Amino acid sequence: MNLGGLKPGTLSGNRSACRVMDLVPGKGTSEFEKTVIIREETKMKLRTTLVASTAMLAVAGVASADTMKIGITQNNVGVDSYQTTYEKAFIAAAEENADVETVVLDAGGDVARQIAQMEDLIQQEVDAIIIWPTNGEAVIPAVRKAHQAGIPVIVTNSNIAEAGFDFVKSFSGPDNITQGARSAEIMCDKFKEMGIEDEASVVHITGQPGYTTAIERAKGFEDRLPEVCPNVSVLDTQPGDWNREKSQQVMEAFLVKYDDIDGVYAGDDNMGVGALNAAKAAGRDGIVFVGATNFAVGYDAMGAGDYWGSIYQSPVDDAEAALQTAIDVLGGKDVPFLNYFDTPKITQDNMGDFTKPVF
């Protein structure tokens, strides 16, 4: 039997040698021979389709593998406009990067909830975790667990306690000790300008207890103030929990307790403006108010001449820096452990050099 030039036994003994060009029906080809040829052509088409499909799946697999899944658990988005703006900026930056998929969570200021969120992100097997700690000490076991699971952890805005540094790839945010020190310098310079640097008394409103940013800013202020103004006394220190209303209540108590207050240092402008509102309501003029993390309300109060100075810090820069740090870590880049961005001094004298904060 002649199958278009094929030798007997080719189809059964050496199918791999069969080529489509060898299976073209010739004149006088029988129906049986045509059937064999059609079957062989169909098999080769199926093999070609299978190879092409496998290649497409492989390409799709590579694209999927290149997508970075980054989870973030935040401190307390609803507590102030800085954190609200941070979250919006983080989501916007992630959406602009086609290689990034994010899981965005908020602990609502609850340590137990944040630890549970860390557990959830570990279970989801995200590629990296960004944490804005609710408490720098309490979250260390959860951070260690992520580290043990092979998931790099980036701390944002407020660092964890030093005992957890071995489990963290990088901290991205402001240098809070430097911020506190700069606030002390702002206040001291103003006292010197007023000629009261040898007799002034101040009160101090701190952020959330146990929160690293609050601890570090307080330390920076308290360490630096006696260096630049050794005769200024700190009358009292109480937490305002980053909350304007609570800080107003704290200041009201200070005003009742102390007849002579020359200055107020608050860990952020939200609290500082709360203290300013209390002083205004009590008719206590001439107090120098200095904060940190310049909020829009602080900027406006400076413009009105009621609030002296602060530290300029952008939540948009903060959020974008944290995301980029995570991307760089996953990309194998050399990232510094303390990845600070600059936060300059801002006062009534130079506020024209800065745009009004958006938060």
Side-chain angles (χ1 to χ4, degrees), residues 64-75 77 83 86-87 89-107 111 113-179 210-213 215-216 313-343:
S64 177
D66 287 342
T67 301
M68 294 169 278
K69 188 174 183 180
I70 300 172
I72 181 171
T73 169
Q74 300 165 95
N75 171 42
V77 173
Q83 296 191 54
Y86 177 106
E87 182 182 65
F90 183 89
I91 292 171
E95 287 178 345
E96 289 176 2
N97 192 326
D99 296 327
V100 172
E101 176 188 348
T102 56
V103 181
V104 180
L105 305 173
D106 173 35
V111 175
R113 184 177 180 186
Q114 185 161 65
I115 291 171
Q117 289 177 347
M118 287 289 292
E119 296 272 1
D120 180 51
L121 292 172
I122 293 168
Q123 290 297 319
Q124 291 189 49
E125 297 183 344
V126 296
D127 297 307
I129 295 175
I130 299 172
I131 180 172
W132 184 333
T134 53
N135 184 295
E137 290 276 1
V139 300
I140 290 176
V143 172
R144 180 174 60 239
K145 189 169 184 179
H147 172 76
Q148 291 170 341
I151 301 173
V153 177
I154 291 85
V155 182
T156 181
N157 186 270
S158 180
N159 214 340
I160 64 172
E162 190 173 349
F165 283 3
D166 288 344
F167 315 123
V168 172
K169 280 289 186 181
S170 181
F171 165 76
S172 171
D175 183 343
N176 290 300
I177 291 178
T178 297
Q179 286 196 1
Y211 187 64
T212 306
T213 295
I215 295 168
E216 291 181 342
Q313 178 179 318
S314 166
V316 176
D317 292 346
D318 203 354
E320 291 178 351
L323 181 63
Q324 189 59 52
T325 300
I327 292 171
D328 289 346
V329 166
L330 291 174
K333 293 185 179 179
D334 186 17
V335 176
F337 178 71
L338 295 174
N339 197 19
Y340 294 134
F341 59 88
D342 191 32
T343 50

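This structure is a prediction, so every number in the text was calculated from the model and none was measured.
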Side chains of [X] and [Y], heavy atoms from C-beta outward: is any pair under 4.5 Å?
X    : Y    : answer
V139 : I160 : yes
S158 : N75  : no
N157 : Q313 : yes
I130 : T156 : yes
V168 : V143 : yes
V126 : I151 : yes
E320 : V316 : yes
M118 : K145 : no

[Y] and [X] side chains, donor-acceptor separation under 3.5 Å:
X    : Y    : result
D175 : Q179 : no
E87  : Q74  : yes
Y340 : T178 : no
N339 : T325 : yes
T73  : Q114 : yes

For [X] against [Y], the heavy-atom pair lying closest together:
X    : Y    : answer
D166 : H147 : O-CE1, 3.9 Å
I115 : A138 : CD1-O, 3.8 Å
I72  : F90  : CG2-CE2, 3.7 Å
T102 : A94  : CG2-CB, 3.5 Å
G71  : L121 : CA-CD2, 3.9 Å
V153 : A146 : CG2-CB, 3.7 Å

Could you go through I327 and M68, starting from their C-alpha distance and side-chain angles, then the distance that decides it, and tell me whether this counts as side-chain contact (heavy atoms from CB on, under 4.5 Å)?
CA-CA 8 Å; I327 292 171; M68 294 169 278; 4.0 Å; yes
Approximate separation, where rounding is to 0.5 Å, of [X] [atom1] and [Y] [atom2]:
X    : Y    : atom1 : atom2 : value
T67  : K69  : OG1   : NZ    : 11.0 Å
S172 : D328 : OG    : CG    : 10.0 Å
E96  : I91  : CD    : CD1   : 12.5 Å
R113 : D120 : CZ    : CG    : 11.5 Å
T213 : W132 : OG1   : CH2   : 7.5 Å

Can a donor-acceptor pair be found, under 3.5 Å and without considering hydrogens, that links the side chain of T212 to the backbone of N159?
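Checking the backbone N and O of N159 against the side chain of T212, a donor-acceptor pair under 3.5 Å is found.
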Decide yes or no on side-chain contact (heavy atoms from CB on, under 4.5 Å) for N97 and L323, but give the supporting numbers first.
CA-CA 10 Å; N97 192 326; L323 181 63; 5.7 Å; no
Q124 CD: over 12 foreign heavy atoms closer than 6.0 Å
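Counting neighbours around CD of Q124, more than 12 heavy atoms of other residues, nucleotides or ligands fall under 6.0 Å, so yes.
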From CA spacing to verdict: ring pair (Phe, Tyr, Trp, His ring centres under 6.0 Å), F165, F337:
CA-CA 9 Å; F165 283 3; F337 178 71; 5.0 Å; yes
Does I129 form a side-chain contact (heavy atoms from CB on, under 4.5 Å) with I154? I'd like the steps, not just the answer.
CA-CA 6 Å; I129 295 175; I154 291 85; over 6 Å; no
